[in-house]
Structures are given as structure tokens and as C-alpha cells.
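Shown next, in C-alpha cells, is the structure this report addresses.
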Amino acid sequence: MRKLNEQEIKDKLKDLEGWQHQENAIQTKFEFENFKETFSIMTRIAFEAEALNHHPDWSNVYNELSISLSTHDAGGVTEKDIHLAQIIEAIIDTE
């Protein structure tokens, strides 16, 4: 998979509110009502990530979820990362 250039990433992030390109990845943070809701969302994302065989770097502290997406084999952000970010946004929007 081809690594996207800076302009391609910038253009694609226009449709992903709250996502930023930094440290060779696209990143965002979410805040939920409580730990249970956060963990539930993480579980839903995990199933989608596993189906795509593309897994996020993420961390969770109580009701906060930080996500970083990068395609390590390509050395940066690819369409796989954009696609997973879109899926994550769809999951968040349904809550």
C-alpha cells in the first residue's frame, strides 16, 4: 500500500473532524460518559480493525480514548488508515 503525501492526507482529513496528522500518523481523541461506554466503543472498533487486519495504536484512561493510525509497513499514513478512521467515526456517530 502506498504512503499518502502531505497534501493527500490534508485533503482526506477535511472530512474527518478532530483528526490531525502528526508524528507520521493520523490521530484523534474522544471523551465519553464513563469507562463502560469507552470500553464498549473500543470493543466495536476492535472487531472492525480485526476484520480489516489493520489495528490502531490506542490508549484509554477512564472515559478518554486516544487513537493513532499509521501503516507501519508503508512507513506512514495510507488509505487503510483513512478507511479505518472513517469506520471509527461511523461507530462514534451511531452512539
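Grouping the Ile, Leu, Val, Met, Phe, Trp and Tyr side chains by contacts below 4.5 angstrom, directly or via other members, places L4 with L52. Clustering ILVMFWY residues whenever any of their side-chain heavy atoms sit less than 4.5 angstrom apart, transitively, puts I92 in a cluster other than the one holding F35. One hydrophobic cluster, built from ILVMFWY side chains closer than 4.5 Å, cannot hold both L84 and M1; they sit in different ones.
One N or O on the side chain of T43 and one on the backbone of F39 form a donor-acceptor pair closer than 3.5 Å.
Partners of E8 according to the salt bridge (charged side-chain N to carboxylate O under 4.0 Å, His left out) rule, which considers only residues two or more places apart in sequence or in another chain, are R2.
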- Query: Under the side chain to side chain contact (heavy atoms under 4.5 Å, CB included) criterion, do I45 and L65 qualify, and how do the steps go?
  - Reply: CA-CA 11 Å; I45 294 169; L65 173 60; 4.3 Å; yes
- Item | Pair Q22-Q27, side chain to side chain contact (heavy atoms under 4.5 Å, CB included): steps then yes or no | CA-CA 7 Å; Q22 52 192 9; Q27 303 175 353; 2.9 Å; yes
- Check the pair T28 / I88 against side chain to side chain contact (heavy atoms under 4.5 Å, CB included), numbers first and verdict last. CA-CA 11 Å; T28 194; I88 291 168; 5.8 Å; no
- Check the pair F30 / E89 against side chain to side chain contact (heavy atoms under 4.5 Å, CB included), numbers first and verdict last. CA-CA 10 Å; F30 297 103; E89 286 296 320; 3.4 Å; yes
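Applying side chain to side chain contact (heavy atoms under 4.5 Å, CB included) to K3 and the options T71, V77, N24 leaves one that passes, N24.
For residues 52-88, the set of pairs meeting the ring-ring contact (aromatic ring centres under 6.0 Å, His included) definition, not counting sequence neighbours, is empty.
Nearest heavy-atom pair, M42 versus N60, reported as atom, atom and distance to 0.1 Å: SD-CB, 3.6 Å. Considering all non-hydrogen atoms of both residues, S70 and G76 come closest at OG-O, 3.5 Å. Scanning all heavy atoms of the two residues, the minimum distance from I82 to K12 falls at CG1-CD, 3.8 Å. The two residues D81 and I26 make their nearest non-hydrogen contact at O-CD1, 3.8 Å.
Summarising the local packing, CG of N34 is surrounded by more than 12 heavy atoms from other residues, nucleotides or ligands at distances under 6.0 Å. Within a 6.0 Å radius of CD in E31, more than 12 heavy atoms belonging to other residues, nucleotides or ligands are found.
Between K14 and D11 there is a salt bridge, with a side-chain nitrogen of the basic residue lying less than 4.0 Å from a carboxylate oxygen of the acidic one.
Separating the CG atom in L16 from the CD atom in Q86 is a distance of 5.5 Å, to the nearest 0.5 Å.
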